[in-house]
> 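One structure is given below, represented as C-alpha cells, and several questions about it will come after.
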Amino acid sequence: MVVDLGNGLTVDVDVRGGAGETALVLHGGAGPRSVAGLAGLLPGDRTVLTPTHPGFDARPRPQWCDSVADLAVAYLDLLGRLDAERVLVVGSSIGGWIAAEMATRDSWGRIGGVVLLNAVGIDPAVGKLTDTRGLPPQRLGELAFVNPALRLDPSTLTEEQRAMAAANQEALAVYAGEPFMYDPKLRRRLRGAKAPALVVWGEQDGIATVDYGRSFAESFARGRFVPAPGAGHFPHIEAAELTAAAIEDFVKQEF
C-alpha cells in the first residue's frame, strides 16, 4: 500500500497480514530486499509492515526529507495513522538507526520494543564504524558477509540493477549525513528511550564492529546484547536461526 503522510511525502509499504500485533521492519542502505526474509523470523502471527524509505528503489523523496530523524517522525506518524500499539520495530543497519530514533521520540508509547541488527547511528567512541562511501561493491560484500556465496557479484548485474544500486547509495548518503552514518548526540538520547531494546550483532561485521554493537546495547536503559558468531553485517541472513530465537526470547520476556 502507498501511504500519503502529507507535505509531499508518500511511503510505499509492503504489508504481510496477520491476526496479531504489528511489527515494523526497516531496511538499511542495501534496500528492502535485504530484509525480505525478516518477516518469517518474527514470532507470533503479526501484521508486518516493511516500508521502502523514500529515495530507495526509485521511490520519490521530497527534498525536505533528508535525515534519519525525518524518517523516524514519518514512521511514528504511520503507526499513529494505523492506530498501532505495542509495535515491535526491527531495523537493519541504518534501519536500526531509524528504529533507535523512533524509540527516543515515541511520546505516545506505541513502540513495545526495538530490535537492532548491526545498526549504525551512535558515535564510534567504542569499536569501529567504517565509512563505506566510495567502496566498490566487491569490497562492500567482503566487509558485510562472512559467506562468500552471499556476496554480490557485480558482473551479474544488469544496467538497470547497477543504476538502482547507485541510486540507493545516493539516498543512503543523504540520510546518513555528515558525520557519515552516525549522530554524535544519539547515544545520550538513547538512555531516555522507554522501550526495551534487543541488539543482535554479527561478530564478524567489517562495517560496524562487535564492540560498537555491544556499546549500542549498553546505551539503552533496558538493552540486551546477543552476539551472532560466524555472521557479518546481516545476522538475520547469515545467522537466521539465532536471530529468530533471540527475538522470540526478547518478545516473551519484554512484551
> Please collect all salt bridge (Lys or Arg N to Asp or Glu O under 4.0 Å) contacts where either partner lies in residues 145-160, sequence neighbours excluded, each pair once.
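Only Glu159-Arg162 qualify under salt bridge (Lys or Arg N to Asp or Glu O under 4.0 Å).
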
> Indicate every side-chain donor-acceptor pair of residues 32-46 with a distance under 3.5 Å to a residue at least two apart or in another chain.
from, atom 1, to, atom 2, distance (Å)
Arg33, NH1, Asp57, OD2, 3.1
Arg33, NH2, Asp57, OD1, 3.4
Ser34, OG, Gly31, O, 2.6
Asp45, OD2, Ala19, N, 3.0
Arg46, NE, Pro43, O, 2.9

> Using a cut-off of 6.0 Å, state whether more than 12 heavy atoms not belonging to Gln138 lie near its atom CD.
no

> State, to 0.1 Å, how close Ala228 and Pro235 come at their nearest heavy-atom pair, and which atoms those are.
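Reported closest heavy-atom pair: CB-CB, 4.1 Å.
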
> Taking C-beta and beyond as the side chain, do Leu24 and Pro51 meet within less than 4.5 Å on heavy atoms?
yes

> Which atom pair, heavy atoms only, marks the closest approach of Gln161 to Thr156?
OE1-O, 4.1 Å

> State, yes or no, whether a side-chain contact exists between Leu152 and Leu140 at a heavy-atom distance under 4.5 Å.
no

> Below 30° counts as parallel, above 60° as perpendicular, anything between as tilted: where do the rings of Trp201 and Tyr212 land?
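Aromatic pair Trp201/Tyr212 classed tilted.
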
> Less than 4.5 Å apart, any side-chain heavy atom of Ser92 and any of Asn118?
no

> Output every pair passing salt bridge (Lys or Arg N to Asp or Glu O under 4.0 Å) with a member in residues 120-133, not counting sequence neighbours, ordered by first then second residue.
Asp123-Arg187, Asp131-Arg133, Arg133-Glu178

> Taking the side chain as C-beta and beyond, is there a heavy-atom pair between Met181 and Leu172 under 4.5 Å?
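Yes, at least one pair of side-chain atoms sits under 4.5 Å.
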
> Output side-chain donor-acceptor pairs under 3.5 Å for residues 3-13, partner residues at least two apart or in another chain, one line each.
from, atom 1, to, atom 2, distance (Å)
Asp4, OD1, Gly6, N, 2.9
Asp12, OD2, Arg59, NE, 3.1
Asp12, OD2, Arg59, NH2, 3.2

> Is any side-chain heavy atom of Leu150 closer than 4.5 Å to a side-chain heavy atom of Phe234?
no

> Below 4.5 Å, heavy atoms only, C-beta onward: do Leu135 and Leu143 meet side chain to side chain?
yes

> For residues 206-217, which residue pairs pass the salt bridge (Lys or Arg N to Asp or Glu O under 4.0 Å) check, not counting sequence neighbours?
Asp211-Arg214

> What I'd like to find out is whether the side chain of Ser219 reaches to under 4.5 Å of the side chain of Leu186, using heavy atoms alone.
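No, their side chains stay 4.5 Å or more apart.
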
> Suppose the criterion is ring-ring contact (aromatic ring centres under 6.0 Å, His included): which pairs have a residue in residues 66-122, not counting sequence neighbours?
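Every pair satisfying ring-ring contact (aromatic ring centres under 6.0 Å, His included) with a residue in residues 66-122: His53-Tyr75.
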
> Are any of the side-chain heavy atoms of Glu238 and Asn147 separated by less than 4.5 Å?
yes

